[in-house]
2 protein chains.
Amino acid sequence: MPRPPAPRKTTGRPARISREEIIRTARRIVTEDGADRLTMRRLATEIGSTPMALYHHVRDKEELLLLLLDDHAARSLRRPEPPPADPRDRVLAAATAIHEVLAACPWIVEVLTADDLMSTSALWFVEQIVAGLTESGLSLDEAVRGYRTIWYYTAGEILVHATSARRRSTDDRPTYRDQVFAALDPAELPLLSRAAPRWTPLTAEDTYEQGLRALLTGLLSHTPA
Amino acid sequence: MPRPPAPRKTTGRPARISREEIIRTARRIVTEDGADRLTMRRLATEIGSTPMALYHHVRDKEELLLLLLDDHAARSLRRPEPPPADPRDRVLAAATAIHEVLAACPWIVEVLTADDLMSTSALWFVEQIVAGLTESGLSLDEAVRGYRTIWYYTAGEILVHATSARRRSTDDRPTYRDQVFAALDPAELPLLSRAAPRWTPLTAEDTYEQGLRALLTGLLSHTPA
DNA sequence: ACCTGAACACCGTTCAAGT
DNA sequence: ACCTGAACACCGTTCAAGT
């Protein structure tokens with residue numbers, strides 16, 4: 001991927017800190033203390049340098065987060081071995097792999113929605129999804145649209161779960177949802193009232209794959225027959 | 001919904017600013033200048049007061065944003081008249097209505113993933129979705145899971161679009177995605193290479209409803225036969 | 001070329017005091 | 001009860017200078 005303006009080795013003062021060290025330290029902070037604790041200032045002090053030294057190696061904080069996501073994807077994404085024979089199963093396997101890796105690092109939320117997930121290491125998985133969809137009968141355009149639909153679903157699932165998990169841990173007071181649910185009028189909203197006690201357990205369930213299967217069924221059944 | 005500790009009218013100094021005025025002003029700032037320009041300090045000065053006066057009417061900034069979302073939902077969400085006869089179409093209509101309203105206010109991103117969209121005014125739409133799904137043959141639990149799947153997809157679509165739109169407007173340099181796509185190896189990723197020139201236009205397309213239909217088809221076809 | 005120090009222009013929120 | 005002023009504990013980033 002766009003390896004950045006690589007430090008010219010030709011001349012000048014030798015570098016004291018490296019992009020690699022920056023990312024390594026950032027990764028540690030983020031896994032130990034969470035994404036909101038990652039600040040340029042703290043990163044600098046942990047590295048034993050000053051905030052402004054960082055700006056010689058990354059353009060700004062956003063680029064840093066993007067590099068962090070790349071790094072995470074590169075070290076965690078594993079290609080399914082062997083790839084499933086059925087194209088539909090290859091789509092499932094690729095999407096599930098992406099989901100798994102991203103769900104494991106909820107701190108990613110801030111960067112997640114940047115464009116698409118276009119880390120180099122993730123591209124192979126995107127290719128698998130698009131390929132599986134075309135082999136199942138979709139045109140290339142339809143397959144790209146299909147990939148995007150899957151991506152929206154995946155990103156949404158991760159973002160919603162990550163945020164509510166964060167909230168649950170930071171906070172003891174009853175959630176807004178609980179308050180709302182406690183005040184439901186069964187006459188006006190009969191099903192929600194009936195479902196109210198089931199809502200929290202159902203929300204906690206991991207239904208990503210189930211939903212993904214449904215989505216995929218729908219995407220493939222909309223093929224021009 | 002949880003109308004908050006309503007100011008007791010019984011005694012004490014008359015209030016100079018009201019929760020209503022706070023929300024009205026916040027709404028103006030956010031629609032005029034974007035969500036990142038809404039700060040407690042600026043809100044206070046625009047109201048002609050001090051930051052700390054606000055904290056007498058809202059608990060913190062997060063509550064303010066939640067109230068803002070409630071307010072927006074209350075004034076924009078319109079129930080379909082008449083509701084479609086087919087339960088499947090009622091699900092589509094309700095989800096589309098929610099999507100439309102949220103897509104119109106991209107500033108909502110910060111609050112969107114709070115729990116679920118549990119604004120009081122949105123509850124009727126959630127009820128419609130759950131009802132439509134049960135009438136189509138799902139159990140109540142399955143219908144709630146189905147609603148959540150739809151919600152993930154909807155939230156993801158809005159979040160991804162909102163963020164990339166924000167990026168596009170703030171920024172002229174080529175996106176990360178463009179850089180990645182420019183360096184694709186056709187041998188390794190043949191479909192992505194072929195799709196590369198189509199990617200940006202396809203991303204710009206509004207495919208929410210198309211994806212929603214596919215998802216719904218899948219959710220309903222997974223009914224225990 | 002790489003790094004430092006000081007400063008700019010902000011944040012959300014707490015605390016103690018005023019009316 | 002409601003509001004104010006001052007302060008706390010931070011941010012990301014720019015700029016000018018040092019080596």
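If you're wondering where the values come from, they're calculated on a predicted model, not measured in any experiment. Proteins come first, then strands; the chains are lettered A, B, ... in the order of their sequence lines, and each starts at number 1.
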*asked:* Going by the rule salt bridge (charged side-chain N to carboxylate O under 4.0 Å, His left out), which residues pair with B/R198 if we only count those two or more places apart in sequence or in a different chain?
replied: A/D141
*Take the protein atom NE2 of B/H57 and the nucleotide atom P of D/dT4, then report the distance between them rounded to whole Å.*
11 Å
*Under 3.5 Å donor-acceptor, B/S76 side chain and B/A73 backbone*: no
*How far does CZ of B/R148 sit from OG1 of B/T154, to the nearest 0.5 angstrom?*
12.0 Å
*Does a side-chain heavy-atom distance below 4.5 Å link B/Y147 with B/F125?*
no
*Can you label the angle between the A/Y208 ring and the A/Y153 ring as parallel, tilted or perpendicular, going by 30° and 60°?*
parallel
*Nearest to the side chain of A/A15, which nucleotide is it out of C/dC3, C/dT4, D/dG5?*
C/dC3
*Distance test, side-chain N/O of A/T50 to OP1/OP2 of C/dG5, below 4.0 Å*: no
*Can you give one letter per nucleotide of nucleotides 6-15 of chain D, going 5' to 3': B for a protein heavy atom under 4.0 Å from the base, S for sugar-phosphate only, - for none?*
-B---BBBBB
*Hey, is the main chain of B/R42 close enough, under 3.5 Å, to the side chain of B/T39 for a donor-acceptor pair?*
yes
*Nearest 0.5 Å please: distance from the CZ atom of A/R177 over to the OG atom of B/S119.*
13.5 Å
*Taking atom P in both D/dA9 and C/dC10, compute the distance separating them and give it to the nearest angstrom.*
22 Å
*Using atom NE2 of A/H56 as one end and atom P of C/dG5 as the other, report the distance to the nearest whole Å.*
14 Å
*Based on Watson-Crick and G-U pairs with both distances under 3.5 Å, what dot-bracket line describes DNA chain D 5' to 3', crossing pairs as [ ] and inter-strand pairs as |?*
||.|||||...|||||.||
*Is a salt bridge present between A/D71 and A/R24, judged by a nitrogen-to-oxygen distance below 4.0 Å?*
no
